Amino acid sequence: MNKTVLMLVFNNFKNDSRVLKECFTLEKSGYNVKVVALHESGLEEYEEYSTNISVHRVKLASRKLPKSLPFQVIKYFELVYQIIKRYKDIDIVHCNDISPLPVAVLLKKVYPKKNIKIVYDAHEYQIETQKLKGKKIRKYLTFITEKSLIKKVDSVITVSEGIAKEYSRIYSIPQPVLVLNTPNLKEVEKTNKFREIFNISESSKIALYQGAISEGRGIDILISAYKKIAPEDLVIVFMGMGAMVEKVKHEMLENQGIYYLDAVPPNQIMEYTSSADIGISLIEDSCLNYYYCLPNKMFEYAMAGVPLLVSNLPEMKKIVTKYNAGIVVESFKEEDIVEGLKRISSSDLAELSSNSKKISRDYNWELQERKLMKVYNHLTKRSKV
């Protein structure tokens, strides 16, 4: 009988490319996958992604309550109750980030005869994120929660070597398995999407910022730096979602050469990415989670053969420098970003593009999923003993 994986992801599961790739990998390996996510208006409560992947976006009666902490606790307990009540017949809980972790551990305790295994998939350095910066009590509670629960799980995986080492150090656990958030390996054809949509001249190079348009991503300073460059030489396209989208839209109206496009579904990303000449992945060194990050967008740029402009952060710098696939911005100061934009736009982009594609041969999902399945194969063998 096929084993069932309960994939807990406490977002709306609309554009979560990492979790979706994991689901398809598990299905391919013979698992039934049940994704539990959060419902939002306009989204289906139940969906069948394929024969053995189903999605349940949980509707909460308490959803309309205020967002203050006491009411958030009420919502959480309602969600926990619905999951515990409904999902009894499972073999493995794949817990994405810390929010679902108490639920996973509780499932294991409530149904001890099921011998449920838990995979804790830390997409971030959970106690060192931007949203916890300056919030000592919330950070401490997050630390206590993770510290008390992490040794109750059966395997920990994460997204960069730096984060893996930190988890091992602060919790005295074996170093988590490294499963990077990389795209599927495929040949990506060059397109002209952005030029067609925005009527951009062939003489202007296109720099693309793709991803979260939010605090800590250097949006303000990137826009300010871009204004120092002639728009006939270089334009910049922002593509994604986040709290600073309105800011970018305003700048688009006020400044020539700045454009904005909504996020697109994961299966359409590469079609747009490949129409850029430069891929921007500038992360501000504002927390340890960012310091150790390896953004999936960086690997998507590489898969599309787009030269990279990245921050001077250890994980990102190591890859870009090794493959000579772009420019590392010296610091997060405006003048250094201006210099970086000028340097890469005047570089041999054809050579950098060729080198960027080499990254994808060594960093792709087909290689990462082997490590994921080693984790699962180990767990299922243990469960048979």
Side-chain angles (χ1 to χ4, degrees), residues 4-20 22-23 26 32-50 52-114 116-124 126 129-132 135 137-142 144-146 148-149 152-153 212 214 241-243 245 262-263 265-266:
T4 298
V5 177
L6 182 65
M7 184 73 70
L8 296 179
V9 49
F10 285 3
N11 59 37
N12 61 20
F13 195 60
K14 184 179 178 182
N15 290 306
D16 200 324
S17 61
R18 175 182 176 85
V19 176
L20 188 58
E22 289 173 331
C23 289
L26 291 168
N32 295 313
V33 184
K34 298 181 182 296
V35 180
V36 171
L38 302 180
H39 187 265
E40 287 184 8
S41 57
L43 297 177
E44 296 290 335
E45 184 177 0
Y46 297 98
E47 283 190 271
E48 298 292 330
Y49 270 58
S50 63
N52 293 306
I53 301 175
S54 62
V55 178
H56 173 204
R57 295 184 179 91
V58 180
K59 282 187 174 180
L60 298 177
S62 57
R63 183 173 180 267
K64 294 184 179 180
L65 291 175
K67 293 184 178 181
S68 58
L69 183 59
F71 294 107
Q72 292 294 85
V73 171
I74 292 172
K75 295 175 189 179
Y76 189 84
F77 277 113
E78 183 191 350
L79 179 60
V80 171
Y81 173 74
Q82 289 205 41
I83 294 172
I84 297 293
K85 179 181 177 182
R86 177 161 183 161
Y87 295 98
K88 304 175 183 179
D89 191 19
I90 57 171
D91 301 289
I92 299 172
V93 182
H94 190 119
C95 178
N96 293 281
D97 288 328
I98 195 170
S99 295
L101 186 54
V103 186
V105 173
L106 189 57
L107 273 166
K108 192 171 186 174
K109 286 191 174 184
V110 170
Y111 305 115
K113 293 182 180 179
K114 300 289 186 181
I116 295 171
K117 304 297 181 184
I118 300 175
V119 176
Y120 180 36
D121 190 348
H123 299 186
E124 298 183 302
Q126 298 292 319
T129 59
Q130 181 73 16
K131 66 183 179 182
L132 292 181
K135 300 177 180 177
I137 294 177
R138 283 186 61 189
K139 181 176 178 177
Y140 178 73
L141 291 174
T142 303
I144 292 299
T145 300
E146 194 168 47
S148 63
L149 298 180
K152 300 181 187 299
V153 310
S214 55
M241 300 182 296
V245 164
D262 282 330

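In this text, all values refer to a predicted model and were calculated from it rather than measured experimentally. Nothing fancy with the numbering, it's 1 onward along the sequence. The analysis underlying the following values was restricted to heavy atoms, covering all of them including side chains, and did not include hydrogens, waters or symmetry mates.
For the atom pair I92 CD1 and L26 CG, the distance stands at 8.0 Å (nearest 0.5 Å). In this structure, CG on L38 lies 10.0 Å from NE2 on H56, to the nearest 0.5 angstrom. With values rounded to the nearest 0.5 angstrom, T145 atom OG1 is found 8.5 Å from L101 atom CG. Rounding to the nearest 0.5 angstrom, the gap separating the CZ atom in R86 from the NZ atom in K34 is 8.0 Å. Atom CD1 of I90 sits about 12.5 Å away from atom CG of N32, to the nearest 0.5 Å. Taking CD1 from I144 and CG from L149, the interatomic distance works out to 10.5 Å, rounded to the nearest 0.5 Å.
What you find for K88 and K114 is that their closest heavy atoms are O-CE, 3.5 Å. Across every non-hydrogen atom of F13 and V19, the tightest pair is CE1-CG1, 3.5 Å. The minimum heavy-atom distance between V103 and V80, with the atom names listed, is CG2-CG2, 3.6 Å. The nearest pair of heavy atoms linking I74 to L65 is CG2-CD1, 4.1 Å. Closest approach of Q72 and P66 over heavy atoms only: OE1-O, 4.0 Å. In this structure, C23 and M7 approach most closely via the heavy-atom pair SG-CE, 4.0 Å.
The main-chain N or O of N12 is found under 3.5 Å from a side-chain atom of R57 such that the two form a donor-acceptor pair. No donor-acceptor pair under 3.5 Å is formed between the side chain of Q126 and the backbone N or O of T142. No donor-acceptor pair under 3.5 Å is formed between the side chain of Y111 and the backbone N or O of Y87. Judged by distance alone, with hydrogens and angles left aside, the side-chain atoms of K75 form no donor-acceptor pair with the main-chain N or O of L60 at under 3.5 Å. Under the 3.5 Å distance criterion, the side-chain polar atoms of N96 are left unmatched by any main-chain donor or acceptor of D121.
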Exercise for review: Please report the C-alpha distance between V93 and L8 in whole Å, then the side-chain angles of each, then the deciding distance to 0.1 Å, and finally whether the side-chain contact (heavy atoms from CB on, under 4.5 Å) criterion is met.
Suggested key: CA-CA 7 Å; V93 182; L8 296 179; 3.7 Å; yes

**Study point:** Working for side-chain contact (heavy atoms from CB on, under 4.5 Å), residues I83 and L107
**Key:** CA-CA 9 Å; I83 294 172; L107 273 166; 4.2 Å; yes

Check your understanding: Between H39 and R63, is a side-chain contact (heavy atoms from CB on, under 4.5 Å) present by the stated rule, with each step listed?
Key -> CA-CA 9 Å; H39 187 265; R63 183 173 180 267; 5.6 Å; no

Exercise for review: Before giving the answer on side-chain contact (heavy atoms from CB on, under 4.5 Å), spell out for V119 and V5 the whole-Å C-alpha distance, their side-chain angles and the decisive distance to 0.1 Å.
Suggested key: CA-CA 10 Å; V119 176; V5 177; over 6 Å; no

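Taking a 6.0 Å sphere around OH of Y46, one finds it holds more than 12 heavy atoms contributed by other residues, nucleotides or ligands.
A 4.5 Å side-chain heavy-atom check between D89 and T4 finds every atom pair outside the cut-off. Contact annotation: the side chain of F10 approaches that of L79 to within less than 4.5 Å [non-hydrogen atoms, C-beta and beyond]. Two residues are said to be in side-chain contact when any heavy atoms from C-beta on lie closer than 4.5 Å; Y49 and L20 meet this criterion. Side-chain contact check for K152 versus I118: every heavy-atom pair is 4.5 Å or farther apart.
Under the 3.5 Å distance criterion, with hydrogens and angles disregarded, no donor-acceptor pair is assigned to the side chains of E124 and T129.
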